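Structure, as structure tokens:
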Amino acid sequence: MLLEDNALIGYRLDEKSAPDHPANKWLIAYWEARRGAGGIPLRSDMAFSDLKSLLPGFFVVEPADQGRDFIFRLAGTEIEERLSLRVTGRRFTECYGDSAAGAINFYMRVLSDEKPHVLRGNFLGRGIEYADFEAVHMPVLGQSGNMQVCGTMFDMSKAVLFS
């Protein structure tokens with residue numbers, strides 16, 4: 001059950017040079033194979049039918065207010081269940097409180113670097129113990145040419161079957 005209260009999410013993170021989770025390794029290779037002449041794949045070139053086994057841990061976010069915030073356009077069911085919070089459609093400033101500035105800066109760096117970034121860590125707060133997770137963040141171009149970040153978040157103790 002998802003809780004719809006005002007408790008915020010905190011986190012502890014470390015940036016990694018490459019993913020350890022096999023599904024994240026596969027996703028980066030998939031993203032790389034779709035890079036066009038501009039270097040950033042179109043989000044529409046990453047077909048949900050190809051990603052179906054990853055969708056519970058998949059997310060799409062995009063900048064809002066000229067990059068002063070981000071909005072979760074999509075957060076998979078596993079992400080929202082793990083956080084015990086519905087984040088789809090919400091801004092980072094609504095979800096992360098004082099931690100939002102760090103998250104916004106990180107996502108802006110993903111967009112400006114135009115390459116995947118990997119984080120490993122734990123979420124904190126909301127009265128729930130959060131498992132060790134790994135997340136991949138990749139820049140993509142949305143339908144209208146707007147920059148977005150998509151990626152996955154996986155509990156490192158759980159295997160994910162993917163094709």
Side-chain angles (χ1 to χ4, degrees), residues 9 11 13-83 85-96 99-121 123 132-156 158-163:
I9 303 165
Y11 50 84
L13 301 170
D14 295 308
E15 194 155 359
K16 308 275 285 177
S17 59
D20 292 321
H21 197 285
N24 284 336
K25 289 178 183 181
W26 180 88
L27 185 60
I28 288 177
Y30 180 87
W31 180 89
E32 290 281 350
R34 280 147 186 79
R35 291 178 73 174
I40 300 176
L42 298 173
R43 217 300 299 138
S44 60
D45 287 341
M46 298 179 72
F48 282 161
S49 59
D50 293 341
L51 306 171
K52 65 182 173 187
S53 61
L54 306 181
L55 291 178
F58 195 79
F59 62 86
V60 178
V61 300
E62 67 183 27
D65 300 330
Q66 292 77 43
R68 291 187 301 275
D69 206 345
F70 272 77
I71 296 175
F72 284 96
R73 289 295 176 208
L74 171 74
T77 55
E78 205 168 274
I79 294 171
E80 290 188 333
E81 286 173 5
R82 169 62 66 190
L83 298 176
L85 180 68
R86 187 170 308 283
V87 296
T88 300
R90 295 176 77 175
R91 292 173 176 261
F92 282 23
T93 50
E94 292 177 72
C95 298
Y96 295 112
S99 303
I104 292 164
N105 288 338
F106 171 77
Y107 280 86
M108 289 302 292
R109 187 161 48 93
V110 171
L111 294 177
S112 67
D113 289 351
E114 298 184 357
K115 66 177 189 170
H117 287 259
V118 180
L119 294 178
R120 181 109 181 238
F123 284 108
D132 182 28
F133 75 89
E134 181 179 85
V136 168
H137 307 78
M138 304 167 300
V140 293
L141 291 172
Q143 264 187 314
S144 61
N146 57 318
M147 294 290 291
Q148 297 178 321
V149 176
C150 70
T152 54
M153 182 184 319
F154 293 111
D155 182 330
M156 292 301 290
K158 293 183 180 178
V160 174
L161 301 176
F162 59 96
S163 52

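Keep in mind that this is a model prediction, so the values were computed, not measured. Excluded from the calculations below are hydrogen atoms, water molecules and symmetry mates; all remaining heavy atoms, backbone and side chain alike, are included.
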Original post:
With a 3.5 Å cut-off and no angle check, do the side chains of Gln143 and Ser44 form a donor-acceptor pair?
Top reply: no

Subject >> Check: Ile71 main-chain N/O paired with Glu62 side-chain donor or acceptor under 3.5 Å >> reply: no

**OP:** State whether the side chain of Asp45 and the backbone N or O of Pro41 hold a donor-acceptor pair below 3.5 Å, judged by distance alone.
**Re:** no

Original post:
For Met138, which of Glu114, Gln148, Met46 qualifies under side-chain contact (heavy atoms from CB on, under 4.5 Å)?
Top reply: Met46

Original post:
So, for Thr88 and Ala75, which heavy atoms are closest and what is the spacing to 0.1 Å?
Top reply: OG1-N, 3.1 Å

Original post:
Any idea which heavy atoms bring Glu80 and Val87 closest together, and the distance?
Top reply: OE2-N, 2.8 Å

Original post:
Does Arg34 make a cation-pi contact with Tyr30 (under 6.0 Å, within 45 degrees of the axis)?
Top reply: yes

**OP:** Decide, yes or no, whether a salt bridge links Glu15 with Arg109 under the criterion of side-chain N to carboxylate O below 4.0 Å.
**Re:** yes

All salt bridge (charged side-chain N to carboxylate O under 4.0 Å, His left out) counterparts of [X], not counting sequence neighbours:
{"X": "Arg68", "result": "none"}
{"X": "Asp65", "result": "Arg91"}
{"X": "Lys16", "result": "Asp20"}
{"X": "Asp14", "result": "Arg12"}

Subject >> Plane angle bin for Phe72 and Phe92 - parallel if under 30°, tilted between 30 and 60°, otherwise perpendicular >> reply: tilted

Subject >> Within residues 135-145 or reaching into it, pairs that qualify as salt bridge (charged side-chain N to carboxylate O under 4.0 Å, His left out) - sequence neighbours excluded >> reply: none

Subject >> Residue list, side chain to side chain contact (heavy atoms under 4.5 Å, CB included) with Pro19, at least two apart or on another chain >> reply: Asn24, Lys25, Ile28, Val118, Glu134, Val136

Original post:
Centroid-to-centroid, Phe106 to His137, below 6.0 Å?
Top reply: yes

